[in-house]
Amino acid sequence: MTSPSLHRSFLRSTKTLITLSSHRIISFNFSQNPNQQSFYSSRSNSPFESPSRVQKLIASQSDPLLAKEIFECASRHPNFRHSYSTYLILILKLGRSRQFSLVDDLVRRLKSESYPITPTLFSYLIRVYGEADLPDKALKTFYTMLQYGFKPLPKHLNRILAILVSHRNFVRPAFDLFRDAHRHGVSSNTQSYNILMRAFCLNGDVSIAYHLFNKMFKRDIVPDIECYRILMQAMCRKSQVNGAMDLLEDMLNKGFVPDSLTYTTLLNSLCRKKKLREAYKLLCRMKIKGCNPDIVHYNTVILGFCREGRAHDACKVIVDMQNNGCLPNVVSYRTLVGGLCDKGMLDEANNYMKEMLSKGFSPQFAVIHGLVKGFCNVGKIKEACGVLTKSLEHGEASHMDTWAIIIPLICEVDDGVRCRDVLEQVLKIEITSHTRIVDAGIGLENYLIRKIRANPRAS
């Protein structure tokens, strides 16, 4: 019985032979027959005559081990020498498949065969180790690059910094490398600072990030929008919204135009700190400062007002956004209707729910439930039924709890009968096992209307 490993080895070898023969690589001794051997060796157009053709063949392989076999096959061909690019391509392929012993072997061969060692090789190795989550090997490769006397570019520094800070235990080594970079002739840039500032902020070390931010000005490095946003987001997470607003002012004074995400972060933080007046001012100021508010900004402020029981102010925001050409969405309406219900502004809430339904938005059962419950609590049973009617007309089925609230106020029942029993009796009369939920709701609604008309006390 053939072992699975032997079978896989055979398949790979067969695949190699087929691939190579299809590219006219005839360097195998297929037969002991001299005539046949002469026939194969007399064929020309072998890709081994051209390193560029071997390079393309290796680059086209999806299997890195097969690419390595082609590489070795070509190496055994007399007077053949691989191009430097072929080594780089194969290193990348083997590294991405975590064949690091083979990568190390290729690097040794590069040195032993007197190929020039270039910064590109180190760049490829750092990328390979970064993708494999091996920050220690990536850092070692970077320092080896320095030992060879190469002066890394800022992009090389930024790549190794990004690899290191993606691992919490390597933030400190990343900072040490960043601090000593100038001694090795490596210049840091704005992106270098952003990488480290973000890492420290995510670790909760906002003060260190702020120190780095101030260092930029001393070293004549101009911050960008990303610098400010990183710090502002970190300050908002720490509930330091005043410091974030100061940064916004500094940003505007220096001629920067904050982006949408920066404003979203600030508005959300102001609303959570109950600074609703400042949030509304910032919302109005956005357009003047070159950033037109979008639906997310408006919804953030609407939610802030409703959360603090100021639904009437949220209504003003709805009007403002429409005047500014931004149409409310389903979140806008749901938040506003819920806020109005909480404040007992039921007629206004009902009007917004009708507007919501007319635009094809689903109010969600919680919104319907809140509005029906509100009307029922103040004895407006007819209005509560109207809410159910309107929602059912638009195919919105109410929750069972909603029916449980309204039925006892309409149906004539004894005090000893539980509400849920009444609901079950109604459902047995009006709904069969094959009735669709919308049809069932409409049938129940008709039942309730008949009860209202028959019971003058409910009107």
Side-chain angles (χ1 to χ4, degrees), residues 271 276 280 294-410 423 436-449 451-453 458-459:
C271 289
L276 299 174
Y280 184 69
D294 61 23
I295 190 67
V296 175
H297 302 126
Y298 284 112
N299 283 349
T300 301
V301 178
I302 289 169
L303 177 61
F305 277 127
C306 290
R307 192 187 283 142
E308 295 304 312
R310 295 174 58 177
H312 58 287
D313 289 320
C315 292
K316 294 176 185 176
V317 178
I318 287 279
V319 174
D320 287 348
M321 67 189 295
Q322 290 174 318
N323 291 338
N324 201 29
C326 183
L327 298 178
N329 64 4
V330 64
V331 176
S332 315
Y333 283 113
R334 284 178 181 175
T335 306
L336 184 58
V337 172
L340 290 168
C341 288
D342 291 340
K343 292 301 292 179
M345 302 170 68
L346 301 174
D347 292 331
E348 291 87 345
N350 195 20
N351 289 334
Y352 276 112
M353 199 193 79
K354 289 176 182 176
E355 183 180 321
M356 180 183 185
L357 289 167
S358 69
K359 293 183 178 179
F361 295 128
S362 169
Q364 201 178 36
F365 70 85
V367 175
I368 298 172
H369 180 80
L371 193 50
V372 169
K373 183 179 179 181
F375 277 128
C376 289
N377 286 343
V378 296
K380 293 186 175 182
I381 312 303
K382 193 171 183 179
E383 285 81 355
C385 289
V387 172
L388 290 176
T389 303
K390 201 72 179 172
S391 62
L392 289 168
E393 285 175 358
H394 287 81
E396 297 294 334
S398 301
H399 195 270
M400 187 174 182
D401 291 344
T402 307
W403 296 113
I405 289 172
I406 198 170
I407 283 177
L409 300 175
I410 299 172
L423 177 58
R436 291 190 306 115
I437 185 65
V438 174
D439 293 337
I442 293 172
L444 184 55
E445 182 255 336
N446 290 332
Y447 173 83
L448 297 177
I449 290 174
K451 283 290 183 179
I452 290 173
R453 290 173 180 170
S459 60

J.: Write down the atom of C341, the atom of L346, and the distance for their closest heavy-atom approach.
T.: CA-CD2, 4.2 Å
J.: Is any side-chain heavy atom of I295 closer than 4.5 Å to one of M321?
T.: yes
J.: Can you name the nearest heavy-atom pair linking Y352 to Y333, along with the distance?
T.: O-CD2, 3.8 Å
J.: Taking side chain as C-beta onward, heavy atoms only, is F361 less than 4.5 Å from L357?
T.: no
J.: Does any pair with a residue in residues 333-351 pass salt bridge (Lys or Arg N to Asp or Glu O under 4.0 Å), and if so which ones, sequence neighbours excluded?
T.: D347-K380
J.: Going by side-chain hydrogen bond (donor to acceptor under 3.5 Å, both in side chains), name the pairs with one or both residues in residues 367-378, residues two or more places apart or in two chains.
T.: H369-T402
J.: Between M356 and L336, is the side-chain contact (heavy atoms from CB on, under 4.5 Å) condition met? List the steps.
T.: CA-CA 11 Å; M356 180 183 185; L336 184 58; over 6 Å; no
J.: Pair S332, Y298 - check side-chain contact (heavy atoms from CB on, under 4.5 Å), show working.
T.: CA-CA 8 Å; S332 315; Y298 284 112; over 6 Å; no
J.: Restricting to side-chain contact (heavy atoms from CB on, under 4.5 Å), what partner residues turn up for L303, sequence neighbours left out?
T.: R307, T335
J.: Quick test of your reading: applying salt bridge (Lys or Arg N to Asp or Glu O under 4.0 Å), list the pairs with at least one residue in residues 309-326, sequence neighbours left out, ordered by first then second residue.
T.: R310-D313, D313-K316
J.: Please list, chain by chain and in numerical order, all residues satisfying salt bridge (charged side-chain N to carboxylate O under 4.0 Å, His left out) with K359, sequence neighbours excluded.
T.: E355
J.: Only counting residues at least two apart or in another chain, list the ones meeting salt bridge (charged side-chain N to carboxylate O under 4.0 Å, His left out) with K390.
T.: none
J.: What heavy-atom pair brings L340 and C315 nearest, and what distance separates the two atoms?
T.: CD2-SG, 3.9 Å
J.: Decide side-chain contact (heavy atoms from CB on, under 4.5 Å) for V296 and N299; before the verdict, give the C-alpha distance in whole Å, the side-chain angles of both, and the deciding distance to 0.1 Å.
T.: CA-CA 5 Å; V296 175; N299 283 349; 5.9 Å; no
J.: So, for V337 and A349, which heavy atoms are closest and what is the spacing to 0.1 Å?
T.: CG2-O, 3.8 Å
J.: Taking all atoms of both residues into account, what is the closest heavy-atom pair of C271 and T300, and its distance?
T.: SG-O, 3.7 Å
J.: Holding to salt bridge (charged side-chain N to carboxylate O under 4.0 Å, His left out), I want the full list of residues that pass it with D294, two or more places apart in sequence or in another chain.
T.: none
J.: With sequence neighbours excluded, tell me which residues meet side-chain contact (heavy atoms from CB on, under 4.5 Å) with N350.
T.: K354, L371, F375, V387
J.: Minimum heavy-atom separation for C306 and A314, please, with both atom names.
T.: SG-CB, 3.8 Å
